[in-house]
There are 2 protein chains.
Amino acid sequence: MEEPSNEFALRAEQALRRSGGRITRRRRALLELLGSQRTPLGPRQLHRELLRRGARIDLVSVYRNVSALLALGLLHRVVGSSAVRPCREARARCHHAIVCSACGRAREFHSRALERALSEVRRATGFRVEEHVLELRGRCPRCRRSRLCRRRQSRSGGARSIGGSGR
Amino acid sequence: MEEPSNEFALRAEQALRRSGGRITRRRRALLELLGSQRTPLGPRQLHRELLRRGARIDLVSVYRNVSALLALGLLHRVVGSSAVRPCREARARCHHAIVCSACGRAREFHSRALERALSEVRRATGFRVEEHVLELRGRCPRCRRSRLCRRRQSRSGGARSIGGSGR
DNA sequence: ACGTTTTTGCAACACCGTTGCAACTACGGC
DNA sequence: GCCGTAGTTGCAACGGTGTTGCAAAAACGT
Ligand SMILES: [Mn+2]
Ligand SMILES: [Mn+2]
Ligand SMILES: [Zn+2]
Ligand SMILES: [Zn+2]
């Protein structure tokens, strides 16, 4: 059996084993891919990439594995999308993501000031906060310099126009 | 012609007119519903409620109207859901939502400290932040007291189990 | 190697939101 | 009020996404 080539794949295999799972060739291929990818991908994209790399795996299996990994907290889902990315910041500390709108790379960050602000909100609203979603989008330092950055997918769909001249 | 019964419906009709739209019976019914509702509803739920109230409208029209209202900035979408809620805080000031996990009511809030924290993140990560998603979930003050609060829908689906004994 | 348990592929399916098109309706102008 | 134009609606068909049942295949402890 091959050794996991990246740190994420290793952690994931351990976690899967611990929870009674098994390590199959396809699962390993998926873990390798997830761990090596710097930009979040959805099940479909993951599947395409796996096929391109010569792995034989069904899309359903990708879905099932992604679900399992999400449930184990090994992956995060990008807000408002089906794309996932490996959890980088190891432990339970509250952290959030910032995604580059140009190159698509995601980075996790942690902010003490943010946590303080959130507890201020807690006080101000009287809510007992159970969870929160926070994700930023913007241009990463690299992409701010070079504008030679591969464009990523456009913003979310929908946007029906009023006043029918909007063909 | 009827006068809009709530403040949201009024604002929305004006905005629609301004953008070249027309006010139909069905559209008005939808606006009334949206403006009177305190908890976010998705297109399907809106449609059901409209039928229950005796309005004759197709689900597709609800979708189209909701899209249009979102595009005009009159509605907000609840993060990770198709439910929408009227924009309460009138102007372009940055504001966010907090949703009660018990009764489902949504409230908008504004936090100076939060904005400061976000610009700190901007500095720390080197990203030029273009947009952000922030939404909180927790128990509202009312629901913290009475536990006689109608339960809302459970958390998001998915969650595939590892180690097949999870039937 | 063997038996048990998990994983996988396949096909069918449920669900959600979108689109083309023809009929209908609002509304400004007369 | 009637008319013409432009926006809106319903219907049916469609595409995409993620899920499920089931039987075959693979993993792994012994
Ligand atoms: Mn993480
Ligand atoms: Mn608002
Ligand atoms: Zn970038
Ligand atoms: Zn509540």
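What's counted below: heavy atoms across the whole structure, side chains too, no hydrogens, waters or symmetry copies. Please read all numbers here as calculations on a predicted model, not as lab measurements. Just so we're on the same page: letters track the sequence lines, and every chain starts at 1.
In this entry the distance linking CZ of B:R56 with C1' of C:dT25 reads 14 Å, nearest Å. In this structure, B:R25 atom CZ and C:dC24 atom C1' are separated by 13 Å, rounded to whole Å. If you measure from atom CG of A:D58 to atom P of D:dA24, you get 17 Å, rounded to the nearest angstrom. For the pair A:L16 CG and C:dT6 P, the interatomic distance rounds to 13 Å; values are reported in whole Å. A straight line from CG of B:N65 to C1' of D:dT8 spans 8 Å, rounded to a whole angstrom. Here C:dT8 presents its P atom at 11 Å from CG of A:L50, a figure rounded to the nearest Å. Taking atom CZ on A:R28 and atom P on D:dA26, their separation rounds to 16 Å, with Å as the unit. Remark: C1' of C:dG17 and CG of B:L70 are 13 Å apart, rounded to the nearest angstrom.
Legend: residues meeting salt bridge (charged side-chain N to carboxylate O under 4.0 Å, His left out) with A:R27, ordered by chain and number and at least two apart, are absent. Judged as a side-chain contact (heavy atoms from CB on, under 4.5 Å), and not counting sequence neighbours, the contacts of A:N6 are A:F8, A:A9, A:E32, A:S36. In terms of the side-chain contact (heavy atoms from CB on, under 4.5 Å) criterion, residue partners of B:R44 (sequence neighbours excluded) are, by chain and number, B:L59, B:Y63.
Ion pairing between a basic and an acidic side chain is recognised when a charged N comes within 4.0 Å of a carboxylate O; A:E130 and B:R137 show no such pairing. Salt bridge status for B:R112 with B:E115: present, with a side-chain N to carboxylate O gap under 4.0 Å.
With the nearest nucleotide of DNA chain C identified for both B:R17 and B:V60, B:V60 has the one nearer the 5' end.
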Produce the list of close N/O pairs, under 3.5 Å, pairing protein atoms with atoms of nucleotides 15-18 of chain D; give distances to one decimal.
unit_1 : atom_1 : unit_2 : atom_2 : d
D:dG18 : OP2    : A:Y63  : OH     : 2.4
D:dG18 : O5'    : A:Y63  : OH     : 3.4

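No donor-acceptor pair closer than 3.5 Å links the side chain of B:Q37 to the backbone N or O of B:L34. The closest donor-acceptor contact from the side chain of A:R26 to the backbone of A:R56 lies under 3.5 Å.
At a cut-off of 3.5 angstrom, counting only N and O atoms as typed in the model, there is a donor on one side and an acceptor on the other between the side-chain of A:R22 and the base of C:dT5. At a cut-off of 3.5 angstrom, the base of D:dG7 holds no donor-acceptor pair with the side chain of B:R27. Side chain A:R26 to base C:dG9: no donor-acceptor pair is found below 3.5 Å.
Connection of A:L136 to A:V133 is not established within any shared hydrophobic cluster, with ILVMFWY side chains joined at heavy-atom distances below 4.5 Å, either directly or through further cluster members.
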Inset, instruction - Take B:H76 and B:H95, measure what ring pair (Phe, Tyr, Trp, His ring centres under 6.0 Å) needs, and give me the verdict at the end. - result: CA-CA 11 Å; B:H76 293 300; B:H95 58 274; 5.3 Å; yes
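Residue B:I162 has its side chain nearest to C:dT7 when only C:dT19, C:dT7, C:dG9 are considered.
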Legend entry - Bracket string, DNA chain C, 5' to 3' - pairs by Watson-Crick or G-U geometry under 3.5 Å, | interstrand: ||||||||||||||||||||||||||||||
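Taking a 4.5 Å side-chain heavy-atom cut-off between Ile, Leu, Val, Met, Phe, Trp and Tyr, the cluster of A:V78 contains only that residue.
Side-chain N/O atoms of A:T24 include none lying less than 4.0 angstrom from OP1 or OP2 on C:dT6. The phosphate of D:dT8 (OP1 or OP2) has no side-chain N or O of B:S61 nearer than 4.0 angstrom.
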